[in-house]
Amino acid sequence: MIFEETVVLEVPFDEALARTKEAFAAEGFGTLTEIDVQATLADKIGKEMDPYVIVGACNPGLAGQALDAEPQIGVLLPCNVVVRQTGGNVVIEAMDPGLMATIVGTDSIRPVADEARRLVSNAMERLASSQ
């Protein structure tokens with residue numbers, strides 16, 4: 001099962017992170033959370049790793065529709081987008097919102113998940129074309 005979309009950028013990490021937030025903002029997603037995994041694991045367990053940030057992206061309109069259709073869907077929100085350094089590249093990976101419909105298994109969430117999938121794909125395409 002494929003559960004994410006991936007784009008690889010050949011730019012500095014901070015630029016890739018900023019571009020990611022901009023691409024998702026252009027599709028109506030705000031940043032609810034930003035977890036610096038590299039800093040957190042270094043602080044908590046002394047682990048050294050390349051830059052790795054998880055962005056919790058949320059489209060408020062779609063989130064509201066999803067919660068109306070299925071109140072428990074909150075455990076799957078927001079859409080996580082990973083920005084991570086690997087070698088000389090930065091990999092951006094976005095969760096496929098279609099998983100929400102698959103996991104929940106009710107028809108009421110399908111249109112919301114489909115629209116979220118379309119918007120996430122648009123944001124990823126925007127990133128891919130920003131090379």
Side-chain angles (χ1 to χ4, degrees):
M1 171 188 286
I2 296 174
F3 57 88
E4 89 290 336
E5 288 190 50
T6 303
V7 170
V8 178
L9 299 180
E10 296 176 7
V11 299
F13 183 83
D14 289 338
E15 184 178 336
L17 182 58
R19 283 188 192 183
T20 299
K21 291 178 190 177
E22 290 168 8
F24 276 80
E27 297 298 329
F29 291 87
T31 299
L32 285 182
T33 60
E34 185 173 320
I35 303 166
D36 185 335
V37 176
Q38 178 191 37
T40 300
L41 294 184
D43 181 53
K44 300 294 182 188
I45 62 172
K47 179 175 178 59
E48 291 186 28
M49 62 185 291
D50 289 332
Y52 192 118
V53 172
I54 301 171
V55 176
C58 178
N59 180 302
L62 292 177
Q65 291 175 38
L67 290 165
D68 287 344
E70 197 67 50
Q72 302 89 335
I73 202 78
V75 300
L76 301 174
L77 299 176
C79 293
N80 284 324
V81 182
V82 170
V83 181
R84 61 185 177 90
Q85 184 80 43
T86 179
N89 298 320
V90 180
V91 176
I92 296 98
E93 298 161 315
M95 181 188 83
D96 176 359
L99 289 175
M100 291 188 305
T102 303
I103 291 169
V104 173
T106 60
D107 291 337
S108 61
I109 203 71
R110 174 66 57 199
V112 179
D114 289 346
E115 178 63 4
R117 175 185 279 158
R118 185 183 71 76
L119 295 175
V120 167
S121 290
N122 289 349
M124 295 297 277
E125 288 173 16
R126 187 180 305 271
L127 280 167
S129 67
S130 74
Q131 280 286 27

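- Taking D114 as the reference, R110, R117 meet the side chain to side chain contact (heavy atoms under 4.5 Å, CB included) condition, with sequence neighbours excluded.
- The list of side-chain hydrogen bond (donor to acceptor under 3.5 Å, both in side chains) pairs with a residue in residues 50-69, not counting sequence neighbours, is empty.
- Think of V8 as one node in a network of Ile, Leu, Val, Met, Phe, Trp and Tyr side chains linked at under 4.5 Å; its network also takes in V91.
- The salt bridge (Lys or Arg N to Asp or Glu O under 4.0 Å) test applied to E115 returns R118, not counting sequence neighbours.
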Go through the steps for V104 and I73 under the test side-chain contact (heavy atoms from CB on, under 4.5 Å), then give the verdict. CA-CA 8 Å; V104 173; I73 202 78; 3.3 Å; yes

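- The side-chain hydrogen bond (donor to acceptor under 3.5 Å, both in side chains) pairs that include a residue from residues 28-40 are K21-E34, where partners are two or more places apart or lie in different chains.
- Counting all heavy atoms, side chain and backbone alike, L32 lies closest to P78 at CD1-CB, 4.1 Å.
- Remark: L41 engages V37, I45, K47, M49 in a side chain to side chain contact (heavy atoms under 4.5 Å, CB included) (not counting sequence neighbours).
- Atom CG of D96 is separated from atom OG1 of T102 by 7.5 Å, given to the nearest 0.5 angstrom.
- Contact annotation: the side chain of T20 never approaches that of V53 to less than 4.5 Å [non-hydrogen atoms, C-beta and beyond].
- The shortest heavy-atom contact between A63 and L77 is CB-CD1, 4.2 Å.
- Cluster membership for V55 and V11, using ILVMFWY side-chain heavy atoms within less than 4.5 angstrom, is shared.
- Residue pairs meeting the salt bridge (Lys or Arg N to Asp or Glu O under 4.0 Å) criterion with at least one member in residues 121-131, sequence neighbours excluded: E27-R126.
- The stretch residues 69-90 participates, sequence neighbours left out, in these side-chain hydrogen bond (donor to acceptor under 3.5 Å, both in side chains) pairs: E70-T106, R84-E93.
- Across every non-hydrogen atom of P97 and A113, the tightest pair is O-CB, 3.6 Å.
- Grouping the Ile, Leu, Val, Met, Phe, Trp and Tyr side chains by contacts below 4.5 angstrom, directly or via other members, places V82 with I35.
- Under a hydrophobic clustering in which Ile, Leu, Val, Met, Phe, Trp and Tyr are joined whenever their side-chain heavy atoms come within less than 4.5 Å, directly or via other members, I54 and M95 fall into different clusters.
- Closest approach of G74 and L67 over heavy atoms only: N-CD2, 3.8 Å.
- Every residue two or more places apart in sequence or in another chain that forms a side chain to side chain contact (heavy atoms under 4.5 Å, CB included) with A94 is listed here: F24, V81, V120, M124.
- The closest side-chain heavy-atom distance from L9 to S130 is below 4.5 Å.
- Residue pairs meeting the salt bridge (Lys or Arg N to Asp or Glu O under 4.0 Å) criterion with at least one member in residues 6-20, sequence neighbours excluded: E15-R19.
- Inter-residue side-chain proximity for L62 and L119 is flagged as met; some heavy-atom pair is nearer than 4.5 Å.
- Minimum heavy-atom separation, C79 to F29: SG-CE2, 4.4 Å.
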